[in-house]
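A short worksheet on the structure shown next.
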Amino acid sequence: MAHTLVIVESPTKARTIRAFLPKTFRVEASMGHVRDLPNNASEIPAAHKGEKWANLGVNTAKDFEPLYVVPKEKKKVVKELKDALKDADQLLLATDEDREGESISWHLLQLLGPKVPVKRMVFHEITREAISRALEQTRDLDMQLVHAQETRRILDRLVGYTLSPLLWKKVAWGLSAGRVQSVAVRLLVQRERARRAFRSGSYWDLKARLEQERAPFEAKLTHVGGERIAGGSDFDETTGGLKAGSKVKLLSEVEAAALKASVETSPWRVLAVEEKPTVRKPVPPFTTSTLQQEANRKLRLSARDTMRTAQSLYERGFITYMRTDSVHLSDQALTAARSCVADMYGQDFLSPSPRQFSTKARNAQEAHEAIRPAGESFRTPKDTGLDGRDLALYELIWKRTVASQMADARLTLLAVDLEAAGATFRSSGKRIDFPGFFRAYVEGSDDPEAALEGQEVLLPPLAVGDTPRCREVEALGHQTQPPARYSEAALVKTLEKEGIGRPSTYASIIGTIVDRGYATLQNNSLTPSFTAFAVTALLEEHFPELVDTAFTSKMEHTLDEISTGKVEWLPYLEGFYKGENGLETQVQQREGDIDPGVSRTVALEGLPCVVRIGRFGAYLETKRVADDGSEELLKATLPQEITPADLDAEKAELLLRQKAEGPESLGEDPETGEQVYLLFGQYGPYVQRGQVSEEVPKPKRASLPKGVKPEDLSLEDALGLLRLPRHLGEHPDGGKVQAGLGRFGPYVVHDKGKGEKDYRSLKAEDDVLSVGLGRALELLAIPKKGRGGRTALKDLGVPDGSEEPIQLFDGPYGLYVKQGKVNASLPEGVTADTVTLEQAVDLLAAKSASGKGRGGARAAAGTKTSSAKAAKSGTSKTGTTRAAAAKASSARKAPATTKTGRLRASAVRVIKPAGG
């Protein structure tokens, strides 16, 4: 029977849309992109191997014509779509409405070659009303959007595949460069350089606790004898002293103590009282960038997890499309939001008229409405049935949208100046006269010390001439602080402000930076690595434009003009890549000038040595005089946990001394008589009992738990670590309970026998060396939670030869099993009641072998996924697969299996450099 075929990207989206379409419509999923530039040598058709442009997958000599191939895992999908098209009388391409979605539709059109009418169906939310409107307002493909996306893809390939091989030769194998990625890494490095160059300054001031008619308040010293007191902003960050020309008084500790004694015994008098009415207006509803920032600040979600969760909410019909730069709200959204305000907060809290916001971001584009709850009426968070991370993110979006239609908050800012013993103090306060939108939402801040806007600070009624009583004065010493490292939120904010990249790609960019070892994420801060320092220095010296924010921003602007037809894509690519000043020529000319010994060296001030990048990570190197008087090189491995920010002269000397003199002995183990040593390895400090010998090639070792400083480690603690796991007692349900230290940190485990073990991580306040049976049973009683805050349906057990259990979860895409970082969906017909441990082991093994488990393909979830499985695993269509590196050798020799594509190509690098 004839039908209308509708193609979307994912099975979840297909399921949701299917419910809103007539029965004569058939909805199928393309599983993301159905074809792309070759990812490795095995995907290159035999006819194109040996071509000079093979390493790029783009024929730069033939108008930058790309070679598109259908990956092996997508051939079945393409065949199924072609079969579904055979009985169709119309094809509707219903991929997402942004440039990437337009590109997917174009690729589908090229591959399927339909002989029936084809239309583009677009919508930014998946509701019955939105789908009905989309059916009535179909259009043709927008080829300007397609050209813009294809130009980005080709440009990113040119940058990534031209510069990355240079980094492999000159710094270390497996590194990547990218048009946006390298600029973002440079921002992190520049901030870290500023932190290392920072010199702290010290200053003192006073804080007084006063009382007026039994109402307490505080005041801070501002002037002494009419001269302003120095504060943190008055110091030069490079010297630690006051800035040149500063006309301020710098109080010493002695002066502060003397002034404290004087004002404590002097009468206090109010000099001036100021009340300043002000108004706060609500912030606009979310865009992609502001959602990532606020979710990071308030929910501590990474950009990658935010986009993964938002995509799931969109595809299930809870929110509108999550890749957008627009802050506009449709008429139906305004009505729905205002209805929520009236119902939940009352008419007084409703703004007098509907609010619309104007987009301030550079190059605003993508979808045409802000991220908001879907539908003509908004479901309250408690009515959604969501939980965990899904609920938290939906609630954030709901509150921000509703608050945008609420009344202004009216405040009065209070300032009181007081005098005592010739010193002037100021007390500041804030009174909220009408909370307005504060009742629903207050925006977060990147500064953890900043007070929330909606927080009241009340002062007692004070008038000029009043004489409040002084209860206490405290002299406070301060040290100026170095500039803060970038959090994910702060980096996203900076990239958007500078016009670098697209907000929809930030999640994948940050993910790649962390995955490739350019930065680590610690306490929500991005700390650059030694590799990041080395790569940034090389690019700054030899390719400065490519890491210049202004140049990259201009490039982004040009790409946007291609999407509107203002700039032709081909001449732009020609100018960027070819010619005397083109990237291709620059790399060829400068490659011979780059000394690998220099580019692998990171010189940091204040160290008795240099840092070099080696095959197995960073290490220290210095020269020393040997016993025979000759000069020799001394090298010491740097533990992975030590970053450029942590390395100082003391740590460097300790590592070098240990390498030269041998490990430090903490003492003797009374049970064995062997020495216990403290050592430093690639993965951090550890303790070892005895020396390595032919008889004992692998002596007992134990890593130091996170937070334990090597200098604070005692012999008793070291012996305790070496004796782990500890037996704590018997479990009430049978089996023994132990405490131990594993690759994921300290834990307790219930050994149920027959290989079945139930693990729980210890909390920060627990000590693996002293935790007791009672606390262990308490932790073991807490249900396990999976990604997104989901609770495991059940533990299937621990396979032989493994320490980690396999658990069963119910996610947005159905039932799946999980072990460590690898997930695998249950096949049709297998239920929660019937799945066995053996089946789960086979499913996870197959997933790992395919390179699509999270451990095998750790890539960005901020872009559309290439399959339903990839959506769960976090592997995106533009992501970087580490599995590729492991298969480099065999992949180069693999026979060509893919012949699909309209252009020529040959061998492509096996390790896929990041394009963005």
Side-chain angles (χ1 to χ4, degrees), residues 10-13 15-16 126 286 291-320 322 371-374 378-402 441 444 488-489 507 511 521 524 744 758-761 763-764 779-796 804-826 832 853-854 858 860-862 865 868-875:
S10 76
T12 304
K13 189 174 174 182
R15 258 196 317 270
T16 309
I126 307 176
F286 282 126
L291 178 64
Q292 290 175 8
Q293 292 174 47
E294 198 72 338
N296 184 244
R297 295 182 192 120
K298 290 191 170 181
L299 307 180
R300 283 296 185 256
L301 291 181
S302 67
R304 178 184 282 177
D305 287 340
T306 297
M307 294 307 290
R308 180 186 289 126
T309 306
Q311 181 157 343
S312 171
L313 290 173
Y314 163 67
E315 291 183 343
R316 289 181 287 161
F318 287 103
I319 63 171
T320 53
M322 67 287 162
I371 303 170
R372 61 165 176 84
F378 295 166
R379 284 174 280 190
T380 62
K382 68 179 182 180
D383 293 332
T384 58
L386 297 169
D387 61 8
R389 188 177 289 173
D390 291 338
L391 176 61
L393 193 65
Y394 178 84
E395 186 172 27
L396 198 65
I397 294 167
W398 185 92
K399 285 181 175 179
R400 177 109 166 193
T401 308
V402 170
Y441 185 85
E488 285 200 39
L521 192 57
N524 205 38
F744 301 110
D758 187 17
Y759 290 84
R760 294 292 185 280
S761 295
K763 306 298 183 185
L779 291 169
L780 289 165
I782 300 172
K784 279 192 177 178
K785 292 200 178 268
R787 203 178 63 207
R790 298 186 183 95
T791 302
L793 298 181
K794 67 178 183 180
D795 279 343
L796 297 177
E804 292 183 276
I806 296 178
Q807 297 175 290
L808 177 68
F809 291 90
D810 188 7
Y813 309 98
L815 294 172
Y816 66 95
V817 288
K818 175 181 173 72
Q819 185 184 35
K821 293 186 176 182
V822 181
N823 301 344
S825 300
L826 294 194
R854 291 187 70 210
R858 297 172 57 196
T865 49
K869 292 180 181 178
K872 275 181 290 200
S873 69
T875 306

To check you understand the geometry: which heavy-atom pair defines the closest contact between Lys13 and Ile126, and what is its length?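 Distance-wise, the nearest heavy atoms are CG-CD1, 3.7 Å.
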
Heavy-atom closest pair (Arg316 atom, Thr16 atom, distance to 0.1 Å) is CA-OG1, 3.7 Å

Those residues at least two apart in sequence (or on a different chain) that pass ring pair (Phe, Tyr, Trp, His ring centres under 6.0 Å) with Tyr759 are Tyr747

Sequence neighbours excluded, which residues qualify as ring pair (Phe, Tyr, Trp, His ring centres under 6.0 Å) partners of Phe286?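 Result, ring pair (Phe, Tyr, Trp, His ring centres under 6.0 Å) vs Phe286: none returned.
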
Are any non-hydrogen side-chain atoms of [X] and [Y] less than 4.5 angstrom apart?
X	Y	result
Met322	Ile397	no
Leu393	Ile319	no
Leu299	Thr306	no
Ser312	Thr12	no

Would you compute the distance between atom [atom1] of [X] and atom [atom2] of [Y] and round it to the nearest 0.5 angstrom?
X	Y	atom1	atom2	value
Thr401	Phe378	OG1	CZ	6.0 Å
Leu521	Arg304	CG	CZ	10.5 Å
Asp305	Asn296	CG	CG	10.5 Å
Arg300	Asn524	CZ	CG	4.0 Å
Phe809	Leu815	CZ	CG	11.5 Å
Leu301	Glu488	CG	CD	9.5 Å

### Query
Would you say Tyr394's side chain and Arg379's backbone share a donor-acceptor pair under 3.5 angstrom?
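The answer is yes, because a donor-acceptor pair under 3.5 Å joins these two groups.
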
Q) Hey, is the main chain of Glu804 close enough, under 3.5 Å, to the side chain of Gln819 for a donor-acceptor pair? A)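 Checking the backbone N and O of Glu804 against the side chain of Gln819, a donor-acceptor pair under 3.5 Å is found.
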
Hits for salt bridge (Lys or Arg N to Asp or Glu O under 4.0 Å) against Arg372, two or more places apart or cross-chain, chain-then-number order -> Glu125, Glu369

Salt bridge (Lys or Arg N to Asp or Glu O under 4.0 Å) filter on Asp758, not counting sequence neighbours, yields Arg760, Lys784

With sequence neighbours excluded, residues passing side chain to side chain contact (heavy atoms under 4.5 Å, CB included) with Glu395: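 Pro381, Lys399.
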
For Thr380, the side chain to side chain contact (heavy atoms under 4.5 Å, CB included) test, sequence neighbours excluded, returns Met344, Lys382, Asp383, Trp398

